[in-house]
Every structure is written in structure tokens, then in C-alpha cells.
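Reviewing the structure listed below.
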Amino acid sequence: MNPQAVVTGASSGIGLELAKVFADNGYDLVIAAEDDAIGTVGGELRGRGVQVDAVQADLSSYQGVEELVARIRASGRPVDALAVNAGVGVGGDFVRDTSVDDNLEIVNLNVTSAVHLTHRVLADMVDRKEGRVLFTSSIAATTPGPFQTVYAASKAFLASFGQGLREELKDTGVSVTTLMPGPTDTNFFDRAGMQDTKVAQSAKDDPAQVAREGFEALMKGRDHVVAGSVKNKAQALAGRVLPDPVKAKAHRRMSEPGSAES
Ligand SMILES: NC(=O)c1ccc[n+]([C@@H]2O[C@H](COP(=O)([O-])OP(=O)(O)OC[C@H]3O[C@@H](n4cnc5c(N)ncnc54)[C@H](OP(=O)(O)O)[C@@H]3O)[C@@H](O)[C@H]2O)c1
């Protein structure tokens, strides 16, 4: 029987490409996203010769995560790999441009649902002494993120969460890897309302390449991978030494509304 992978946010972008890589490596899939397009994506992925269960659930809600967990358990099969990838951002001035609800959705999806789903799935992995978990964080985790403040903080949470869990689990047979992409060519910037920013208009990485690098790092049991361009790797390295106020200023130049024009 094939191993099984669960991929959240698999209807587009990095998650869709992760699901394809898992399928091409012989994993049956449970994929999840909020909108009904996930059903169509499920059909396309089945064309790669694996079993796919497509779950439409709003993972920013407690109930949505429980629905996904119920579907995973209904398969009666263990989860060999979990990719906690679904995430959204919101651009703009925190006080004037974004609503409380926008920001709480980021926390609910990127942080709360990641903790919730990971706890449920890890319990079984630890019992079986086997499994792999991949968190899609971001190089945004390495810097304060003005005009994307809650988003960058949510990705810093995931990076810390992943590394902490990895150490806790080191003798359990379960391995945790954090994927840190830079700007990637997906729906992300459009959805975040950031098309007028320099970062949204800059060169971006191919989500298929990012997903491949994430998958390879996961299979090798690496703690993290900065995916994509050399520029991302340099930025992540610089992030280790530069003071936060300096990084925040640099980030501002890329993310401030209207910065695409300057
Ligand atoms: N693109 C970048 O530059 C970049 C860089 C670093 C990290 N990342 C991270 O990569 C991950 C994937 O993003 P992406 O760039 O591939 O963007 P994307 O194409 O917009 O994909 C986002 C995915 O998350 C799903 N999703 C959103 N809200 C959801 C909800 N409430 N419940 C369930 N699923 C939901 C979407 O499904 P629906 O359309 O059905 O809602 C979609 O499948 C995110 O965690 C993001 O933070 C992206």
C-alpha cells in the first residue's frame, strides 16, 4: 500500500505543487482547501495514479480542522507525511488599512489551525514512532514585517514552533522540517491586496521548485530549507545578524502600499 500524505492549502500555489510532488513519489493524498476548487484539483491529482480524498473545509475555524481530522481518521490509514501549508496574508497599514477580522483570520489559519491539526496528527505519529511534518513558514519569519505585521509574526511563530517540536520529537522517529520560501509566484500577493508593493512586483520563484525543495528537505529529515533564489538564502543569512530595526526598515521598502511606484 502507498504511504499517505496530508496537504493543506492544496488547491493552488505551493500547496498544489507539494501535492503533485507527493503524488509523483507514490503518496496517496488527503488534500484540503476552503473553496470547492479543491474537488477539481483532487480529480486532476488522481490522474497521477494515486488515491486522493479532497476535503473542502475552512481551516480558519475549529470545526473545519476537526472535519479534516475526521476525514483523515475515516481513511483508517496512518499519516506518513503532513504538510501544514494553508496560509493567507493581508497587506497594508495595520490600523488604517486592515480590519480586526482580516488579522484574526491570519492568526486563526496560519497559527491556530496549524497548532490544532499538528497536535491531532502528531499524536498518532508519535504512537507509531514514525512520520514527517512539513510547515510552510517563510523568509518573512526572519524579519519584522511592517505592512504585513501579523503575517510575518504568524510565519515567525511557525518557524519557532517547527524547530521546537523537532527537538522535542528527536527520539520519537518523527521528523519536523520548516520550509521557508521567499516571494513565490502564486495567488498570495493578489489575495493579500499587495499588488501595489515592490515585493509583489519583484521577481518571484516558481512554486513547483519551492515545493520540490520542501519535499526533498522533508525526506532528508532536514530542520529547515530556505527555498528558491540565492537572494532568499542571502536574506535569511542576513536575518541572523542584522538588528530588527534595520530589517524592519528594509522590509518597509518592499511592502509599503504604493512602493511598487517608488
Ligand atoms: N507566495 C509567497 O510568496 C509565499 C512566500 C512564503 C510563504 N508562503 C506561504 O505558502 C503557503 C501557501 O501559499 P501560496 O503562496 O501557495 O498562496 P495561494 O496560492 O493563495 O494558496 C493558499 C492556499 O491556502 C488555502 N486556504 C486559504 N484560506 C483557507 C482556509 N480558511 N481554509 C482552508 N484553506 C485555505 C487556499 O485555498 P482556497 O483558495 O480554497 O481558500 C489555497 O489552497 C502559505 O502558508 C503562505 O504563507 C507564500
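Atoms within each ligand, like the ligands themselves, are counted from 1 in listed order.
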Is there any N or O on [X] that sits under 3.5 Å from an N or O of ligand 1?
| X | value |
| --- | --- |
| L59 | yes |
| G9 | yes |
| S138 | no |
| N110 | no |
| I14 | yes |
| E105 | no |

I need the contact type for [X] against ligand 1. Using non-hydrogen atoms and a strict under-4.0 Å cut-off, is it side chain, backbone, both or neither?
| X | result |
| --- | --- |
| M180 | neither |
| S137 | backbone |
| A10 | backbone |
| I38 | neither |
| A57 | backbone |

Considering heavy atoms of the protein only, find what lies nearest to [atom] and give residue, atom and distance to 0.1 Å.
| atom | answer |
| --- | --- |
| atom 4 (C) of ligand 1 | G182 O, 4.1 Å |
| atom 3 (O) of ligand 1 | T184 N, 2.8 Å |
| atom 31 (N) of ligand 1 | D58 OD1, 2.8 Å |
| atom 46 (C) of ligand 1 | Y151 OH, 3.5 Å |
| atom 34 (N) of ligand 1 | E34 N, 3.4 Å |
| atom 11 (C) of ligand 1 | N85 O, 3.2 Å |
| atom 10 (O) of ligand 1 | T136 CG2, 3.3 Å |
| atom 14 (P) of ligand 1 | T186 OG1, 3.4 Å |

Side chain to side chain, [X] and [Y], heavy atoms closer than 4.5 Å:
| X | Y | result |
| --- | --- | --- |
| S138 | M180 | no |
| L169 | L122 | yes |
| T184 | K204 | no |
| M125 | V79 | yes |

Inset, instruction - Nearest 0.5 Å please: distance from the CZ atom of R166 over to the OG1 atom of T172. - result: 10.5 Å
With no hydrogens and no angle check, just 3.5 Å: does a side-chain donor-acceptor pair link [X] and [Y]?
| X | Y | answer |
| --- | --- | --- |
| N85 | T136 | yes |
| E167 | Q163 | no |
| S99 | D101 | no |

Inset, instruction - Would you check if the side chain of Q56 reaches a backbone N or O of I38 as a donor-acceptor pair within less than 3.5 Å? - result: no
Legend entry - Side-chain donor or acceptor of T142 paired with backbone N/O of I139 under 3.5 Å: yes
Legend entry - Lys/Arg-Asp/Glu bridge criterion (N-O < 4.0 Å) met for R120, E66: yes
Inset, instruction - May I ask you to decide whether K231 forms a salt bridge with D205, counting only side-chain N to carboxylate O separations under 4.0 Å? - result: no
Nearest non-hydrogen atom to [atom] belongs to which of [options]?
| atom | options | answer |
| --- | --- | --- |
| atom 39 (O) of ligand 1 | K204, K155, E17, R191 | R191 |
| atom 21 (O) of ligand 1 | A19, A32, S12 | S12 |
| atom 22 (C) of ligand 1 | G87, A86, A37 | G87 |

Legend entry - Ring geometry between F215 and F22 (parallel below 30°, tilted from 30 to 60°, perpendicular above 60°): perpendicular
Inset, instruction - Please work out whether the ring planes of F161 and F135 are parallel, tilted or perpendicular, with thresholds of 30° and 60°. - result: tilted
With heavy-atom distances below 4.0 Å as the criterion, list the atoms of ligand 1 near [X].
| X | answer |
| --- | --- |
| V88 | 27 (C), 28 (N) |
| F189 | 3 (O) |
| S11 | 36 (C), 37 (O), 38 (P), 39 (O), 40 (O), 42 (C), 43 (O) |
| G13 | 16 (O), 19 (O) |
| P183 | 3 (O) |

Inset, instruction - Decide yes or no on salt bridge (charged side-chain N to carboxylate O under 4.0 Å, His left out) for D80 and R132, but give the supporting numbers first. - result: CA-CA 6 Å; D80 298 281; R132 299 174 193 275; over 6 Å; no
Inset, instruction - Give a yes or no on whether Q51 atom CD has more than 12 heavy-atom contacts from other residues, nucleotides or ligands under 6.0 Å away. - result: no
